[in-house]
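Before any comments, here is the structure.
What's counted below: heavy atoms across the whole structure, side chains too, no hydrogens, waters or symmetry copies.
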Amino acid sequence: MQVRGALETLVSALTPINHSKGSSNEVQPDLMNTDLLSREEESIPLLLSLLEEDDFYVRYYTLQILTALLSNSRQRYKLNSFHGSLIPEVVISSCLERTLADFFF
């Protein structure tokens with residue numbers, strides 16, 4: 001149950017906050033959190049291992065996190081505002097393809 005709560009918190013931390021017409025130079029917490037999480041060597045392998053859990057919600061939140069990481073990495077890349085590591089799109093795409101069938105069927 002604690003893992004579920006932690007994953008739900010991560011989903012929130014990686015979700016964009018929509019403020020009304022803020023400055024384009026504002027810090028975007030979702031992109032900053034994506035950058036921090038993607039720099040940790042063990043984060044992606046750990047998230048991928050959670051997709052094998054029996055708990056539906058653990059898998060569900062994990063897929064949301066992986067999707068947010070991919071989406072935010074693309075957004076971060078478009079902004080061209082950092083030189084950190086981007087999450088390899090191929091890794092997440094193949095992971096999602098492989099697990100979606102197992103996840104829903």
Side-chain angles (χ1 to χ4, degrees):
M1 189 67 150
Q2 292 176 348
V3 171
R4 226 190 270 180
L7 292 172
E8 190 173 5
T9 301
L10 272 175
V11 169
S12 295
L14 299 173
T15 302
I17 300 170
N18 294 324
H19 295 292
S20 59
K21 295 188 179 184
S23 169
S24 63
N25 294 333
E26 282 184 13
V27 173
Q28 297 177 335
D30 56 319
L31 300 181
M32 184 179 290
N33 291 330
T34 295
D35 187 33
L36 292 171
L37 187 59
S38 64
R39 287 183 186 196
E40 292 296 320
E41 260 182 55
E42 294 299 318
S43 63
I44 301 302
L46 176 62
L47 287 168
L48 293 175
S49 73
L50 288 174
L51 292 172
E52 297 175 8
E53 289 291 319
D54 290 333
D55 186 329
F56 171 83
Y57 288 101
V58 169
R59 294 190 319 263
Y60 175 71
Y61 291 135
T62 301
L63 283 174
Q64 284 185 316
I65 292 167
L66 290 169
T67 301
L69 287 171
L70 179 60
S71 298
N72 293 347
S73 291
R74 285 181 181 162
Q75 179 65 23
R76 187 74 139 157
Y77 181 71
K78 286 178 189 174
L79 292 175
N80 202 16
S81 62
F82 84 118
H83 299 288
S85 62
L86 291 176
I87 299 164
E89 188 173 330
V90 131
V91 170
I92 293 180
S93 296
S94 65
C95 167
L96 291 177
E97 265 181 36
R98 180 186 60 125
T99 58
L100 283 178
D102 296 335
F103 185 69
F104 290 109
F105 299 107

* Set of side chain to side chain contact (heavy atoms under 4.5 Å, CB included) partners for Ser43, sequence neighbours left out -> Leu37, Glu40
* Structure fact -> To the nearest 0.5 Å, atom CD of Gln64 lies from atom OG1 of Thr15 at 7.5 Å
* What is the minimum heavy-atom distance between Arg59 and Leu51, and which atoms define it? -> CD-O, 3.2 Å
* Asked: What's the shortest heavy-atom distance between Tyr61 and Val11, and which atoms?
  -> O-CG2, 3.7 Å
* Asked: Got a second to check how far Asn33's CG is from Leu10's CG, nearest 0.5 Å?
  -> 8.5 Å
* Are the side chain of Ser49 and the backbone N or O of Leu46 linked by a donor-acceptor pair below 3.5 Å? -> yes
* Applying side chain to side chain contact (heavy atoms under 4.5 Å, CB included), name anything that partners Glu53, two or more places apart in sequence or on another chain. => Leu50, Val58
* Asked: Short question: side chain of Asn72, backbone of Leu14 - any donor-acceptor pair under 3.5 Å?
  -> yes
* OG/Ser71 to CG/Leu69 distance, rounded to the nearest 0.5 angstrom? -> 9.0 Å
* Structure fact -> Here the gap from Arg4 atom CZ to Phe56 atom CZ, rounded to the nearest 0.5 Å, amounts to 10.0 Å
* **Interatomic distance, Leu70 atom CG to Ile65 atom CD1 [nearest 0.5 angstrom]** => 14.0 Å
